[in-house]
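Chain letters run A, B, ... following the sequence lines, proteins first and then strands; every chain starts at 1.
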There are 2 protein chains.
Amino acid sequence: MSDLLERLRGRGWRMTAQRRVVAEVLEGDHVHLTADEVHARAVERLPEISRATVYNTLGEMVSLGEVIEVSTDRRAKRYDPNAHRPHHHLVCGRCGAIRDVHPSGNPMADLPDDERFGFTVSDVEVTYRGICPNCAATA
Amino acid sequence: MSDLLERLRGRGWRMTAQRRVVAEVLEGDHVHLTADEVHARAVERLPEISRATVYNTLGEMVSLGEVIEVSTDRRAKRYDPNAHRPHHHLVCGRCGAIRDVHPSGNPMADLPDDERFGFTVSDVEVTYRGICPNCAATA
DNA sequence: TCCTACATTGGACTCAATCCAAGTCAATTT
DNA sequence: AAATTGACTTGGATTGAGTCCAATGTAGGA
């Protein structure tokens, strides 16, 4: 069931009720919750969990590489448990909805040496922006 | 001289000392200043200019399409006057330095229809991340 | 020159996130 | 099973970036 939880346990992560609940809340595909949304859902299962703990826990999952931090706009960061398969994001500019996408092509290979300015380039992030069908209907 | 200033004037933009100074501060290539940095430099020329005005003015230049807002991390937004030529960004994860880059390839064409989820996709942003030579030396 | 619609100001406010010192607890040790 | 202890949690204060707003100033047209 809890894929993420299993992965975390497998890393010898110290388990607490709070951490378990946060991990459970993050299960699923196309899940991109903000810290506040995670907190709201966590509170349903564990009423006394604090915001600080949610922030701490999410931050650690990110450090462990089991969750990806997605910052597509100036609003709150979103947390994506889909860390096992490389992917990019498609974002609705109106409501902020996010979908995981897997474009063809290899943008890393598209950056010529003479445009690297001596940087050690380690990562590329591609963000597609547009309007989701839902917002388009409510234009 | 001031390319940006000319473009803005040409659009019938009401000119004030504050707006002129902000436009002047933004001249150049690979310029990616934060609002606060723009304010600091503007104050040197016009001591009484306020932060609010810098924010307002930058915001308007962005609406006019003459300046691009670059938000590559959770730190302050940066403002890029290079709005005439499409480009992407290479960012140093350590110090936040930014370079404009022009990768080959067309990421827009790389997103298959069945991965668009009904969105009207209007834009793609590619962000390369790494470490700049300067930070690499000071490892 | 006068007028007025638009621009500027600075201080209060918001929102997301981080910090911190005190209290709590999971897991190891005895 | 109890003691131990270093890691985890808490909530309130704080930070940082940015926005808002009512009062004041001014560019540019008549």
Side-chain angles (χ1 to χ4, degrees), chain A residues 5 8-25 32-43 45-64 66-80 91 95-96 98, chain B residues 5 8-25 32-43 45-64 66-80 91 95-96 98:
Chain A
L5 203 46
L8 291 166
R9 216 190 282 281
R11 286 163 169 281
W13 207 43
R14 180 165 166 183
M15 194 48 62
T16 66
Q18 290 85 345
R19 289 176 169 196
R20 188 180 356 266
V21 166
V22 170
E24 284 168 1
V25 164
H32 304 94
L33 299 170
T34 63
D36 245 32
E37 288 164 349
V38 171
H39 179 249
R41 300 190 188 194
V43 162
R45 292 159 168 266
L46 187 67
E48 66 278 19
I49 191 173
S50 75
R51 268 182 185 70
T53 295
V54 170
Y55 275 108
N56 290 342
T57 305
L58 290 172
E60 262 180 278
M61 290 175 175
V62 171
S63 308
L64 290 171
E66 296 296 351
V67 166
I68 292 170
E69 217 171 61
V70 185
S71 232
T72 52
D73 53 34
R74 200 112 287 257
R75 299 178 245 187
K77 281 184 216 166
R78 293 178 174 273
Y79 294 86
D80 183 346
V91 184
C95 70
I98 301 180
Chain B
L5 203 46
L8 291 166
R9 217 190 282 280
R11 286 164 169 279
W13 206 44
R14 181 165 165 181
M15 194 47 65
T16 66
Q18 290 86 342
R19 289 176 169 195
R20 187 179 0 265
V21 167
V22 170
E24 284 168 3
V25 164
H32 305 95
L33 299 171
T34 64
D36 246 32
E37 286 164 351
V38 171
H39 180 249
R41 299 191 189 194
V43 161
R45 292 160 169 265
L46 187 66
E48 66 279 19
I49 190 172
S50 75
R51 271 182 184 71
T53 295
V54 170
Y55 275 107
N56 289 342
T57 305
L58 290 171
E60 262 180 279
M61 289 174 176
V62 171
S63 308
L64 290 170
E66 295 296 351
V67 166
I68 292 171
E69 216 171 64
V70 186
S71 232
T72 52
D73 53 34
R74 199 111 288 255
R75 300 179 244 187
K77 282 182 215 166
R78 293 178 174 275
Y79 294 87
D80 182 347
V91 184
C95 71
I98 301 180

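Note on B:Arg51: every side-chain N or O is 4.0 Å or more away from OP1 and OP2 of C:dT9.
Going from atom OH of A:Tyr55 over to atom C1' of C:dC20 covers 17 Å, rounded to whole Å. Atom CD of A:Glu60 and atom P of C:dT18 are 13 Å apart (whole Å). Regarding A:Glu69, its CD atom lies at a distance of 15 Å from the P atom of C:dA16, rounded to whole Å. For A:Lys77 and C:dC15, the NZ to P distance is 18 Å, given to the nearest whole Å. As a whole-Å value, the separation of A:Glu37 CD from C:dA17 C1' is 15 Å.
Here B:Arg75 lies out of heavy-atom contact (under 4.0 Å) with every strand.
In this structure, B:Leu46 and B:Arg20 have side chains that are not in contact, with every pair of non-hydrogen atoms separated by 4.5 Å or more. You'll find the side chain of B:Ile49 reaches within 4.5 Å of the side chain of B:Val22, heavy atoms only. Between B:Glu69 and B:Tyr79, some side-chain heavy-atom pair lies under the 4.5 Å cut-off.
Two residues, A:Ala52 and B:Thr34, neighbour DNA chain D, and the one matched to the more 5' nucleotide by heavy-atom proximity is A:Ala52. Residue A:Gln18 is the one, among A:Gln18 and B:Asp36, whose nearest nucleotide of DNA chain D lies closer to the 5' end (criterion: closest heavy atom). Nearer the 5' end of DNA chain C, as judged by each residue's closest nucleotide, is the contact made by B:Glu48, out of B:Glu48 and B:Arg74.
In terms of heavy-atom proximity, A:Leu8 sits nearest to A:Ala23 at CD1-CB, 4.1 Å. Residues B:Val91 and B:Gly96 come closest through the heavy atom pair CG1-O, 4.3 Å.
A donor atom on one side chain and an acceptor atom on the other are found under 3.5 Å apart for B:Ser71 and A:Arg74.
A salt bridge (Lys or Arg N to Asp or Glu O under 4.0 Å) with A:Glu37 holds for exactly one of A:Arg75, A:Arg51, A:Arg78; it is A:Arg78. For the pairing with B:Arg19, the side-chain contact (heavy atoms from CB on, under 4.5 Å) check across B:Glu24, B:Glu60, B:Met61 returns one residue only, B:Glu60.
B:His39 places no side-chain N or O within 3.5 Å of a backbone atom of B:Thr53 that could act as its donor or acceptor partner.
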For nucleotides 23-30 of chain C, 5' to 3', base contacts (B), sugar-phosphate-only contacts (S) and non-contacts (-) with protein non-hydrogen atoms under 4.0 Å give --BBS---
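Chain B approaches DNA chain D over the interval D:dA17 to D:dG28, counting the first and last nucleotide 5' to 3' with an atom under 4.0 Å from its heavy atoms.
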